[in-house]
Amino acid sequence: MTLFVASTTAPVNIATLKYWGKRDKTLNLPTNSSISVTLSQEDLRTLTSVCTGPEITEDKLWLNGSEESLKSERTQNCLADLRKLRMKLEDEDSNLPKMSKWNVVIVSENNFPTAAGLASSAAGFAALVMAIAKLYELPDSLSEISKIARKGSGSACRSLLGGYVAWEMGEKADGSDSKAVQIAPMEHWPNMKAAILVVSASKKDTPSTSGMQLTVGTSDLFQHRIKDVVPHRFVEMKQAVLEKDWPTFAELTMKDSNSFHATCLDSFPPIFYMNDVSKGIIKLCHFINAFYNETIVAYTFDAGPNAVLYYLEENESKLFAFIYELFAEVPGWDSKFSKDELTQFLSDFDS
Ligand code: ADP
Ligand code: DP6
Ligand code: CO
């Protein structure tokens, strides 16, 4: 049996200016531009292996050890685009194996909760498209590959690039100008860090794709968001990143998370992605910033209850003094506060 295999990993990216809403469902063209930070692959990542050969009888996808349907239009669109690019190479060089005609088996694993609002579709489709591009030996055109990943899941187009990434919504009906571009590499702001607070690892009841369709169709607030809020926030956030203006970046990030969740609540019937623990985390972050009279932390929540906290490395112990005391028993953690002080903070926080 002749088999060809390739593997790759892809990182998660967490939006600080949220993509929520499509103007074209098939091409995954968004109703607004968005901004995200691609996290280090050492933490959250998808690992995907693909294999093809003339004897494989059908396309198959194994996700986290279970077989998933490969029938969805989005996966089919990605496969069709990749096969088309491979076919071009085969037409140019008749010695190449005719991989474009063969089925593929895709085996993927996320090392973090899937479909729980931690961008599994972003890392997942970025890895799927990259792995097949590698298998097909397609020329390295990240921008081309990123547009194919976008058709799998909108947010996936941002995971192909590192650091601070903008997804420019574009204007064209064919999506040729709807693409991810790097605002700055990770090293531009080396003391920026992210912490993930897993509130629930369960699969959400409203997937992002259907959630945003409902919002587009029913929320008046959403119209205000895409017309009057996001366009100038996009410019301001990009500038805050370029100038490493932490307080502005942090404020815009928190406000945009709240604005996105407000449009979910304004959908009909409403969508609740955050739970009481998520809301407690929001309250805690504002409490911490007020306590130090300085912006220590910025929260953001994707379509799920799990929190991503952005902070500057030099403030790590100030932030985790609270997080560890409130949420985790950390062996060896040396509290900066006395028991009396903590009891006081907690009673202030609860009130
Ligand atoms: P999330 O908030 O995790 O991105 P979504 O609702 O956007 O949740 O997407 C979840 C879906 O993305 C999963 O149900 C699955 O269909 C797809 N997905 C997640 N991880 C992978 C992966 N590694 N490979 C292929 N598809 C994936
Ligand atoms: C809240 O990219 O998962 O995480 O394009 O339908 O697959 P589809 O949706 P998806 O939506 C992400 C929504 C978000 C915000 C963001 O990542 O920008
Ligand atoms: Co997603």
Side-chain angles (χ1 to χ4, degrees), residues 8-38 44-50 60-75 77-79 106-132 149-159 165-167 169 178 180 198 200-216 230 234 253 256-257 259-261 263-264 271 273-274 300-306 308:
T8 195
T9 56
V12 152
N13 75 80
I14 299 292
T16 49
L17 180 57
K18 305 294 186 192
Y19 146 56
W20 196 249
K22 301 176 203 281
R23 62 180 202 275
D24 182 314
K25 228 179 104 200
T26 311
L27 295 175
N28 263 346
L29 302 180
T31 47
N32 64 263
S33 297
S34 55
I35 295 179
S36 61
V37 184
T38 298
L44 311 192
R45 59 100 187 108
T46 297
L47 168 62
T48 299
S49 300
V50 287
K60 270 187 195 294
L61 165 65
W62 289 84
L63 175 55
N64 301 326
S66 307
E67 195 176 344
E68 285 254 318
S69 165
L70 250 184
K71 295 216 166 65
S72 71
E73 193 188 12
R74 54 205 203 140
T75 320
N77 282 349
C78 293
L79 286 176
I106 305 162
V107 180
S108 186
E109 177 224 56
N110 300 325
N111 70 347
F112 61 93
T114 297
L118 288 171
S120 70
S121 65
F125 276 95
L128 186 148
V129 170
M130 284 265 282
I132 298 177
R150 189 202 71 219
K151 295 187 195 170
S153 175
S155 54
C157 72
R158 299 184 310 234
S159 268
V165 179
W167 173 12
M169 64 183 285
S178 184
V198 179
S200 165
S202 308
K203 191 171 173 165
K204 58 182 112 167
D205 15 284
T206 312
S208 298
T209 310
S210 46
M212 65 178 85
Q213 289 299 104
L214 182 65
T215 305
V216 172
V230 175
F234 181 74
T253 295
D256 200 70
S257 174
S259 157
F260 149 55
H261 286 278
T263 68
C264 291
I271 312 165
Y273 283 126
M274 294 193 293
T300 188
F301 294 80
D302 269 2
N306 300 307
V308 177

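Both counts, for ligands and for their atoms, begin at 1 and track the order of listing.
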Residues V230, T31; criterion side chain to side chain contact (heavy atoms under 4.5 Å, CB included); working and verdict: CA-CA 10 Å; V230 175; T31 47; over 6 Å; no
L128 and V50: CA distance, side-chain angles, deciding distance, side chain to side chain contact (heavy atoms under 4.5 Å, CB included) verdict: CA-CA 8 Å; L128 186 148; V50 287; 5.9 Å; no
Trace of the side chain to side chain contact (heavy atoms under 4.5 Å, CB included) decision for V12 with L118: CA-CA 8 Å; V12 152; L118 288 171; 5.8 Å; no
E109 vs R45, side chain to side chain contact (heavy atoms under 4.5 Å, CB included): CA-CA, chis, key distance, verdict: CA-CA 8 Å; E109 177 224 56; R45 59 100 187 108; 2.9 Å; yes
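Counting heavy atoms under 4.0 Å from ligand 1, residue A116 touches it through the backbone alone. The parts of S208 lying near ligand 1 are both backbone and side chain, judged by heavy-atom distances below 4.0 Å. Only the side chain of K204 comes within 4.0 Å of ligand 1, counting heavy atoms alone; its backbone N, CA, C and O stay farther away.
Put simply, the side chain of R23 reaches to within 4.5 Å of the side chain of M169, judged on heavy atoms. By the 4.5 Å heavy-atom criterion applied to side chains, T209 and K22 are counted as neighbours. Between V37 and I14 there is no side-chain heavy-atom pair separated by less than 4.5 Å. Residues V165 and N13 are not in side-chain contact: their nearest non-hydrogen atoms beyond the backbone lie 4.5 Å or more apart. In this structure, T206 and Y273 have side chains that are in contact, with non-hydrogen atoms separated by less than 4.5 Å. Considering only heavy atoms from C-beta on, N110 comes within 4.5 Å of L63 through its side chain. Proximity of D256 to W20: side-chain heavy atoms (C-beta onward) are nowhere separated by under 4.5 Å. T26 has its side chain within reach of N77: a pair of non-hydrogen atoms, C-beta onward, lies under 4.5 Å apart.
With 3.5 Å as the limit, one finds a donor-acceptor pair spanning the side chains of T48 and S108. Between S36 and R158, the side chains place a donor N or O and an acceptor N or O closer than 3.5 Å (distance only, hydrogens not considered). There is a side-chain donor-acceptor pair under 3.5 Å between T300 and K18.
Side chain of S120 to backbone of A115: a donor-acceptor contact under 3.5 angstrom is found.
Nearest-heavy-atom check against atom 27 (C) of ligand 1 across L70, T206, L63 picks out L63. Remark: among candidates S121, G152, A126, A119, the nearest residue to atom 9 (O) of ligand 1 is S121, based on non-hydrogen atoms.
Distance from atom 16 (O) of ligand 1 to its nearest protein heavy atom, with residue and atom name: E68 OE1, 3.6 Å. Of the protein's non-hydrogen atoms, the one nearest atom 17 (C) of ligand 1 is F125 CE1, 4.3 Å. Nearest non-hydrogen protein atom to atom 19 (C) of ligand 1 is S120 OG, 3.3 Å. In terms of protein heavy-atom proximity, atom 20 (N) of ligand 1 is closest to N110 ND2, 3.0 Å. From the protein, the heavy atom lying nearest to atom 23 (N) of ligand 1 is S108 OG, 2.8 Å.
Residue contacts with ligand 1: P113 is placed with no nitrogen or oxygen under 3.5 Å of a nitrogen or oxygen of the ligand (distance criterion only).
If you number the atoms of ligand 1 from 1 as listed, the ones under 4.0 Å from a heavy atom of T46 come out as 23 (N). In the vicinity of P207, heavy-atom distances shorter than 4.0 Å reach the ligand 1 atoms 6 (O). Within ligand 1, counting atoms from 1 as listed, the ones closer than 4.0 Å to a heavy atom of G117 are 2 (O), 3 (O).
Using a heavy-atom distance under 4.0 Å as the criterion, the protein contacts of ligand 2 are A15, K18, Y19, W20, K22, N28, R74, S121, S153, G154, S155, R158, S208, T209, M212, F260, D302, A303.
The number of protein N/O/S atoms found under 2.8 Å from the Co ion (ligand 3) is 1.
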